[in-house]
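This chain uses plain numbering: 1 for the first residue, then up along the sequence.
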Amino acid sequence: MRVFTCTCGNRLFFENDRCMACGRHAGFVPDIGELVAIEGNDTQGWAALHPRLRGRRFQRCRNYSHEEVCNWMVPVEDDHIYCQACRLNKVIPDLNQPDYRRYWGKIEAAKRRLIYGLNALNLPLLSKQEDAAKGLAFAFMADAEPEMEFSDRLGDHSRVLTGHNQGLITINIAEADDVVREEMRRSMAERYRTLLGHFRHEIGHYYWLLLVQDSGHLELFRALFGDERKDYSQALQHYYDHGPATHWSRDFISAYASSHPWEDWAETFAHYLHMVDTLESAAQLKLAPIDPTDLASGSMQRWIAAWMELTVGLNELNRCMGHPDLYPFVLSAKSLEKLQFVHEVLAGAGGRSRVQLAAVGAGSPER
């Protein structure tokens, strides 16, 4: 994730909707991957104070202007009232329910970070309105009885299961409740569980369909991850009944990845997005010994080395504050090989690299 600059010179971060120094409104423009200072109003439109956007007018996404759960902009000539990220929503929570607006805001923040990363990698990103068969949509839903979220007492038919089905990604909004999510993480003996992690995992299933299933990558996928034609339901049931594969850490990035090749891919895909986004942020903040251009390189060796050094440091800093390790993973040689495969698949699918995206934002903001 890049760090941005207001027209006053103050630093802006991805979630900001205002500059904390000068008070100007800020809006993210997906076309150029920039969070910029904006001036105007919702009646006459907004001007973006950025040299590459001179003369263009924007409107705030409706979820920005009306709901305050977004900070993205839409060109005035666009027929949509929602931004690129919000127009992917098929179902949002019932905002009349207590806490649901707060949960929705946290979910949208994680989703926008996901979409930023996909845009930076120039991956295909269509809504189901544009392509019903291959498009993407999100449903953010609650269980039938909110007070019993994640409880088996009502039976599975009453529960909303976070998952992916042919381009529709469903997120149980209880995942936005930090207490509930931590309880789930502990009960399932997971090392890591976050909203952003859910988004990146489930989008991995979506891109497996788009980029691997009917491609020249399939045979190498099977050689690395296993044969995905193995019965999925039976494999998951075996995992939940008997636990992960013995010595899973030698071959898999997480215990859950050992349950089925599809889950192995999704876990590895999510991890790849974690690494690239975190390294980009660390490079921007001068916390990692890596140039952002290395993230677009065909070779992963340099940024894997930087990742190892960065995560050791982050873990030690967390321990200094009395927190558990920020990065509770160990990457085996096989996991690194799988990450390289993901890297190559995505490099083939994306025409624009992160170095090109960084160059787009290299101009100084208007002062």
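Donor-acceptor pairing under 3.5 Å is recorded for the side chains of Glu175 and His198. With no hydrogens or angles considered, no side-chain donor-acceptor pair links Ser281 and Gln284 at under 3.5 Å. The closest side-chain donor-acceptor pair between Asn119 and Gln84 falls under 3.5 angstrom. No hydrogens or angles considered: a donor-acceptor pair under 3.5 Å links the side chains of Asp143 and Asn172. Under the 3.5 Å distance criterion, with hydrogens and angles disregarded, no donor-acceptor pair is assigned to the side chains of Tyr239 and Glu263. Tyr82 and Trp72 are not linked by any side-chain donor-acceptor pair at a separation below 3.5 angstrom, with hydrogens and angles left out of the test. Tyr256 and Ser258 are not linked by any side-chain donor-acceptor pair at a separation below 3.5 angstrom, with hydrogens and angles left out of the test.
Residues Leu118 and Pro124 fail the side-chain proximity criterion, which asks for heavy atoms closer than 4.5 Å. With a 4.5 Å cut-off on side-chain heavy atoms, Gln59 and His80 do not count as touching. The shortest side-chain heavy-atom distance between Ile169 and Ile171 falls under the 4.5 Å cut-off. Side chains of Phe140 and Val160 form no contact here, defined as non-hydrogen atoms less than 4.5 Å apart. The side-chain heavy atoms of Met141 and Pro93, taken from C-beta on, include no pair separated by under 4.5 Å. In this structure the side chain of Leu218 reaches within 4.5 angstrom of the side chain of Val212, judged on heavy atoms. When side chains are defined from C-beta on, Asp31 does not count as touching Arg52, because their heavy atoms never get closer than 4.5 Å.
A side chain to side chain contact (heavy atoms under 4.5 Å, CB included) with Leu35 is found for exactly one of Leu12, Thr5, Val3, namely Leu12.
A tilted orientation is assigned to the rings of Trp262 and His260, their planes being inclined by 30° to 60°. Ring pair Phe221/Phe341 is tilted by interplanar angle, where 30° to 60° counts as tilted.
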- Check the pair Trp303, Leu279 against side-chain contact (heavy atoms from CB on, under 4.5 Å), reporting the backbone distance first and the verdict last. CA-CA 8 Å; Trp303 64 271; Leu279 274 173; 3.2 Å; yes
- Message: For a side chain to side chain donor-acceptor pair (under 3.5 Å) check, start with the C-alpha distance between His217 and Glu344, then their side-chain angles and the critical distance, and finish with the verdict.
- Response: CA-CA 10 Å; His217 299 296; Glu344 291 170 359; over 6 Å; no
- Query: Can you list the steps and then say if Lys338 with Ile253 is a side-chain contact (heavy atoms from CB on, under 4.5 Å)?
  - Reply: CA-CA 9 Å; Lys338 292 175 182 178; Ile253 211 157; over 6 Å; no
- side-chain contact (heavy atoms from CB on, under 4.5 Å) evaluation trace for Arg24 with Arg18: CA-CA 6 Å; Arg24 283 186 176 89; Arg18 278 185 182 272; over 6 Å; no
- Item | Intermediate values then yes/no, side-chain contact (heavy atoms from CB on, under 4.5 Å), Leu285 and Arg11 | CA-CA 11 Å; Leu285 296 168; Arg11 184 179 289 176; 3.7 Å; yes
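Among all heavy-atom pairs drawn from Ala48 and Ile38, the shortest one is CA-CG2, 4.1 Å. Heavy atoms only, all atoms of each residue included: Asn63 and Cys86 are closest at ND2-SG, 3.2 Å. Heavy-atom minimum distance, Glu108 versus Lys111: OE1-NZ, 2.9 Å. Between Leu287 and Leu310 the shortest heavy-atom distance is O-CD1, 3.8 Å.
Under the 3.5 Å distance criterion, the side-chain polar atoms of Asp231 are matched with a main-chain donor or acceptor of Gln234. Counting only distance, with no hydrogens or angles, the side chain of Asp325 and the backbone of Pro328 share no donor-acceptor pair below 3.5 Å. Asp131 places a side-chain N or O within 3.5 Å of a backbone atom of Lys134 that can act as its donor or acceptor partner. Although no hydrogens or angles enter the test, the distance criterion places a donor-acceptor pair under 3.5 Å between the side chain of Ser187 and the main chain of Glu183. For the pair Ser332 (side chain) and Arg250 (backbone), a donor-acceptor distance under 3.5 Å is present. For Asn71 (side chain) and Phe14 (main-chain N/O), a donor-acceptor pair under 3.5 Å exists by modelled atom type. Not one N or O on the side chain of His271 forms a donor-acceptor pair closer than 3.5 Å with the backbone of His274. A donor-acceptor pair under 3.5 Å is absent between the side-chain atoms of Trp46 and the main chain of Gly40, judged by distance alone. The closest donor-acceptor contact from the side chain of Asn41 to the backbone of Gln44 lies under 3.5 Å. Under the 3.5 Å distance criterion, the side-chain polar atoms of Arg60 are left unmatched by any main-chain donor or acceptor of Met73.
Ion pairing between a basic and an acidic side chain is recognised when a charged N comes within 4.0 Å of a carboxylate O; Asp178 and Lys106 show such pairing. Under a 4.0 Å N-O distance rule, the pair Glu228/Arg222 qualifies as a salt bridge. Comment: Arg193 does not engage Glu182 in a salt bridge, judged by the lack of any side-chain N to carboxylate O separation of less than 4.0 angstrom. Remark: Glu34 engages Arg2 in a salt bridge, criterion side-chain N to carboxylate O under 4.0 Å. Using a cutoff of 4.0 Å between basic side-chain nitrogens and carboxylate oxygens, Asp79 and Arg87 are not scored as salt-bridged. Under the 4.0 Å criterion applied to side-chain N and carboxylate O atoms, Asp99 and Arg102 are assigned as salt-bridge partners.
The number of heavy atoms from other shown groups lying within 6.0 Å of CD (Glu15) is above 12. The environment of CD in Gln213 is crowded: more than 12 heavy-atom neighbours from other residues, nucleotides or ligands sit within 6.0 Å. The number of heavy-atom neighbours closer than 6.0 Å to CE of Met20, taken from other residues, nucleotides and ligands shown, is 12 or below. A 6.0 Å sphere centred on CZ of Arg185 holds more than 12 heavy atoms belonging to other residues, nucleotides or ligands. For Glu77, the CD atom is densely surrounded, since the number of other residues' heavy atoms within 6.0 Å is greater than 12. Within a 6.0 Å sphere centred on CD of Glu130, other residues, nucleotides and ligands contribute more than 12 heavy atoms.
The list of salt bridge (charged side-chain N to carboxylate O under 4.0 Å, His left out) pairs with a residue in residues 200-217, not counting sequence neighbours, reads Arg200-Asp277.
Linking Ile, Leu, Val, Met, Phe, Trp and Tyr residues whenever their side-chain heavy atoms come within less than 4.5 Å leaves Leu209 and Leu126 in two separate clusters. Under the 4.5 Å side-chain contact rule for hydrophobic residues, Ile81 and Phe58 do not share a cluster. Note: the hydrophobic cluster containing Trp208 also contains Tyr232 (ILVMFWY, side chain heavy atoms under 4.5 Å, direct or indirect links). Val74 is not connected to Val69 by any chain of hydrophobic side-chain contacts under 4.5 Å among Ile, Leu, Val, Met, Phe, Trp and Tyr, and they are in different clusters. Leu195 and Met184 fall within a single hydrophobic cluster, where Ile, Leu, Val, Met, Phe, Trp and Tyr are joined by side-chain heavy atoms under 4.5 Å apart, directly or via other members.
To the nearest 0.5 Å, atoms OG (Ser233) and NE2 (His238) are separated by 14.5 Å.
For the pair Lys334 and Phe252, the NZ or CZ position fails the cation-pi test of under 6.0 Å to the six-membered ring centre and within 45 degrees of the ring normal. Geometrically, Arg113 does not engage Tyr116 in a cation-pi contact defined by less than 6.0 Å to the ring centre and at most 45° from the axis.
Between Phe269 and His201, the ring centre distance reaches or exceeds 6.0 Å. Ring to ring, Tyr192 and Tyr327 are not that close: their centroids are 6.0 angstrom or more apart.
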